[in-house]
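Because the structure is predicted, anything quoted here is derived from the model rather than measured. Chain naming here is simple, since letters A, B, ... match the order of the sequence lines and numbering starts at 1 in each.
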Protein chains: 2
Amino acid sequence: MAKASRKVTILDVAAEAGVSSGTVSRVLNNDAHVRPETRQRVLEAMERLGFVANRQARSLAGGKTNTIGVLVPDLGTGYIGEIIRGIDAELSFHGLDLVLYTTHRTASKEANYVANLASGMVDGLLLVLPRNPADYVGNLTQRKFPFVLIDHQGTGRDCPAVGATNWQGAYDATEYLIKLGHKRIGFITGSMDLGCAVDRLAGYRAALRTYHIPEDPDLIYEGTFFQPDGYAGACAFLDLPHPPTAIFASNDVMAMGVMDAVRNRGLRIPDDISVIGFDDIPQAALVRPALTTVQQPLENMGRVATQMLLDLLQQPGREVGRIELPTKLILRESCRPPRDASESSRPAL
Amino acid sequence: MAKASRKVTILDVAAEAGVSSGTVSRVLNNDAHVRPETRQRVLEAMERLGFVANRQARSLAGGKTNTIGVLVPDLGTGYIGEIIRGIDAELSFHGLDLVLYTTHRTASKEANYVANLASGMVDGLLLVLPRNPADYVGNLTQRKFPFVLIDHQGTGRDCPAVGATNWQGAYDATEYLIKLGHKRIGFITGSMDLGCAVDRLAGYRAALRTYHIPEDPDLIYEGTFFQPDGYAGACAFLDLPHPPTAIFASNDVMAMGVMDAVRNRGLRIPDDISVIGFDDIPQAALVRPALTTVQQPLENMGRVATQMLLDLLQQPGREVGRIELPTKLILRESCRPPRDASESSRPAL
DNA sequence: CATTGTTATGTAAGCGCTTACAAAAAGTTG
DNA sequence: CAACTTTTTGTAAGCGCTTACATAACAATG
């Protein structure tokens, strides 16, 4: 008995089952207008011949690819991997394929991929940490092409997007440090061309304002989400005449760089300097002291974005806004009240 | 001027340029038999109309998909991400698409995907950490369907594969611990249905034999490459009447579980227990103390495997064997001589 | 039993492109 | 200039499947 082969087409199955190719196609597509006995006969013929449908032909003839394009800035970080895991799970569940493209953080490459993919190559797009969505969001929306942005803010227009409460997360983390008694809190930003980085900085600033702590520009270091920037930012802060007593980094990887720098200065965490990160990647719990961080529901973001996209596939042009999944402050061991804090200096609650 | 749209076909371009669709196709495929002036005219018409070729149609008519299927057991770990990064880079360079499938470590799902994908859906397959290649390797080889196994051993036949020197890597790591003075070295295996796990255990055993250290079955814990097994294995070792002074885990993720368990016992790394992992995923350098580990050239494995596959695409049926890329022991901070070691107890060099 | 309505199946055009083969055009040689 | 060769282009079948429409078969009703 022959196994799966390129040569078995619906014509072969039709001949084997004694029906037309149209009926074979109906069985393939679970059309209701097939008698159960006929359906069974066709399915058995498929099994006997080892028939496997040709996806290209189905896409071309049916006008659908059953494929979703996923654009990511790069690979290899746990952050992206967790999001893709959620995407992959949802797509698998719905029998859709995932085609992966890496933009290498290049805006022109991103726009180029989008233009190509949205021209019939995929049924929809998931754009993870997009660089310049303003370049193409208007066009996609006008054409009712289904897409969802993941972890993004800032196109100047309402469009399908899933993110986390970056602002609130950063506000909560800063507030927590303030309530511990910290009045000088260093902040290391992410890449400021990304909306999530902008929101986290804004949350930090808002918490300072709420508690009437003046913002000190020397306590804000612009980073790029990479570990060396955490290290460099912490060194810059510790070189100040009045160094901070706490450092809040915009992601866990940079927070680990901060921890390195603090230790290299012979200082202790959290006795001398408290540290907070953002993301709650698995390693945050593994470092010592275990990192206090703002947890992002990465995998769930992937899932929710995919579900949103699938809804859009069913109802093209439907109005969908932004969904923000809650962040959560995860308290571990990297924070404590500042050394010179006393009860009288605590903010009134 | 109209931009990319599904509606522009080669017929439109042919009309615009005043040639036949056959000529448009020749230009599309860089056929030599087109006059330069004609070619230019057609390219300009494509530009004017915003033509984008339909990939499904090209695949169906031309019999090639220009797509490579990549099967992985799961996502979210740095290990897989690094390999995919290498694959992605090579495929991008050659203008091929990457379609990603996750088998969720299920052998039947793996075999099913392979059967489907190898039936004209993709031009070739890259199988990362395959579960049961013996199920389908014979069929693929017989049909001259191009595939490459990544990080695999044990199909009982020679076939295209890229791996790392697991045996040598484990031998080197164990040797290093022995030379530090450790005589009781715990070993946590990976999933023993994977060849790489088998090789690592074999390398560990070989090093013990070389230095005449008797193998103690209580010092070998069978794991599955997941972090909880590292934790559980370390707990089992530390509960022994004569616990080990060092623990070598078959991958970094489990090594991090070991670190957790050691700390929860109030012990210090490396003062009380030395720890070694395997892989050198990015996170290995981030934990504290930084993990000594056997580095696998993950990204390069992805690259080399992809190059091998591209060669096979050009010459189907060509005989290709296994390539092993060298591992490398990366010394960091998680190891030191055992507490009771003295110079006289060091093995003679 | 005749009529009407519903379900099931067959037929064939077409999805967008490739490519073999035929025809036309261009170039070379004696 | 005629004959021959090479290059370029047009034509049309076909890749494997979908699906609109026509036809056949079956069921229900008066």
Side-chain angles (χ1 to χ4, degrees), chain A residues 4-43 45-46 49-67 97 116-123, chain B residues 4-43 45-46 49-67 97 116-123:
Chain A
S5 153
R6 292 178 185 236
K7 296 283 171 53
V8 182
T9 72
I10 59 170
L11 294 186
D12 302 310
V13 175
E16 177 80 12
V19 298
S20 71
S21 65
T23 297
V24 173
S25 191
R26 285 189 198 93
V27 173
L28 253 190
N29 293 291
N30 289 302
D31 193 305
H33 297 300
V34 181
R35 256 186 330 207
E37 313 92 74
T38 308
R39 182 186 303 275
Q40 185 63 20
R41 202 160 80 236
V42 172
L43 289 173
M46 285 180 182
L49 296 179
F51 170 75
V52 176
N54 181 301
R55 296 296 287 270
Q56 284 77 23
R58 301 191 73 180
S59 302
L60 180 61
K64 296 197 316 175
T65 67
N66 286 314
T67 304
D97 290 344
N116 274 277
L117 295 173
S119 304
M121 285 173 64
V122 294
D123 295 335
Chain B
S5 153
R6 291 179 186 234
K7 297 284 174 53
V8 182
T9 73
I10 61 169
L11 295 187
D12 303 309
V13 175
E16 178 80 13
V19 298
S20 72
S21 64
T23 297
V24 174
S25 190
R26 281 187 201 98
V27 173
L28 251 190
N29 294 289
N30 287 303
D31 194 305
H33 297 299
V34 183
R35 258 191 322 211
E37 313 92 72
T38 308
R39 182 185 304 277
Q40 185 64 18
R41 201 160 80 238
V42 172
L43 289 173
M46 286 180 181
L49 295 179
F51 171 76
V52 177
N54 182 301
R55 297 296 288 269
Q56 285 76 25
R58 299 190 75 178
S59 302
L60 182 60
K64 297 201 313 179
T65 67
N66 286 313
T67 305
D97 289 345
N116 275 277
L117 294 173
S119 306
M121 284 173 65
V122 294
D123 295 334

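One interatomic measurement links the two molecules: CG of A:Asn54 to P of C:dG16, which rounds to 16 Å at whole-angstrom precision. Between the NZ atom of A:Lys64 and the P atom of D:dC17 there is a distance of 16 Å, rounded to whole Å. Separating the CG atom of A:Asn66 from the P atom of D:dT18 is a distance of 10 Å, rounded to the nearest angstrom. The CG-C1' distance, from A:Leu28 to C:dT9, rounds to 16 Å in whole Å. Atom CZ of B:Arg26 and atom P of D:dA12 are 14 Å apart (whole Å). Between A:Leu11 atom CG and D:dG16 atom C1' the separation is 8 Å, expressed in whole Å. C:dT19 atom P lies 13 Å from atom CG of B:Asn30, rounded to whole Å. Residue A:Ile10 contributes atom CD1, which lies 13 Å from atom C1' of C:dG10 at whole-angstrom precision.
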- Message: Could you walk me through whether A:Asn30 and A:Arg39 satisfy the side chain to side chain contact (heavy atoms under 4.5 Å, CB included) test, starting with their C-alpha distance in whole Å, then the side-chain angles of each, then the deciding distance to 0.1 Å, before giving a yes or no?
- Response: CA-CA 9 Å; A:Asn30 289 302; A:Arg39 182 186 303 275; 4.0 Å; yes

- Evaluate side chain to side chain contact (heavy atoms under 4.5 Å, CB included) for A:Val34 paired with A:Arg41, printing each intermediate quantity in order. CA-CA 11 Å; A:Val34 181; A:Arg41 202 160 80 236; over 6 Å; no

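With hydrogens and angles left out, the side chain of A:Arg55 and the base of D:dG16 share no donor-acceptor pair within 3.5 Å.
The stretch residues 10-26 of chain A participates, sequence neighbours left out, in these salt bridge (charged side-chain N to carboxylate O under 4.0 Å, His left out) pairs: A:Glu16-A:Arg48.
Dashed line: the shortest gap from a side-chain N or O of A:Arg58 to OP1 or OP2 of D:dC17 is not under 4.0 Å. Contact annotation: A:Asn29 side-chain N/O to D:dT18 OP1/OP2 distance is under 4.0 Å. Within the structure, a side-chain polar atom (N or O) of A:Ser20 is placed less than 4.0 Å from OP1 or OP2 of C:dG10.
Within 4.0 Å of B:Thr23, counting heavy atoms only, lie sugar-phosphate atoms of the nucleic acid but no base atom. Residue-level contact check: A:Val19 touches the backbone only, with heavy atoms under 4.0 Å from sugar-phosphate atoms and none from bases. Across all strands, B:Gly22 comes closer than 4.0 Å to base atoms (heavy-atom distances).
A pairwise comparison of heavy atoms in B:Ala45 and B:Ala17 identifies CB-CB, 3.9 Å as the closest pair. When every heavy atom of A:Phe51 is checked against every heavy atom of A:Val8, the shortest pair comes out as CD1-O, 3.4 Å. A:Met46 and A:Val24 get closest at one heavy-atom pair: CE-CG1, 3.9 Å. When all heavy atoms of A:Arg55 and A:Asn66 are compared, the closest pair comes out as NH2-CB, 3.6 Å.
Along DNA chain D, the nucleotide nearest to B:Ser21 and the one nearest to B:Ala61 differ in position, and the one closer to the 5' end is contacted by B:Ser21.
If one axis is set at each end of the helix from C:dC1-D:dG30 to C:dG30-D:dC1 from five pairs, those axes are 30° apart, to 10°.
Just one of A:Val13, A:Thr9, A:Leu11 meets the side chain to side chain contact (heavy atoms under 4.5 Å, CB included) condition when paired with A:Ser21; it is A:Leu11.
Picking from D:dG16, D:dG10, C:dT11 the nucleotide with the shortest atom distance to the side chain of B:Leu60 gives D:dG16.
Applying a 4.0 Å cut-off to non-hydrogen atoms, none of the residues of residues 32-41 of chain A approaches DNA chain D.
Rounding to the nearest 0.5 angstrom, the gap separating the OG1 atom in B:Thr38 from the NE2 atom in B:His33 is 13.5 Å. How far CG of A:Leu28 is from CG of A:Leu43: 9.0 Å, rounded to the nearest 0.5 Å.
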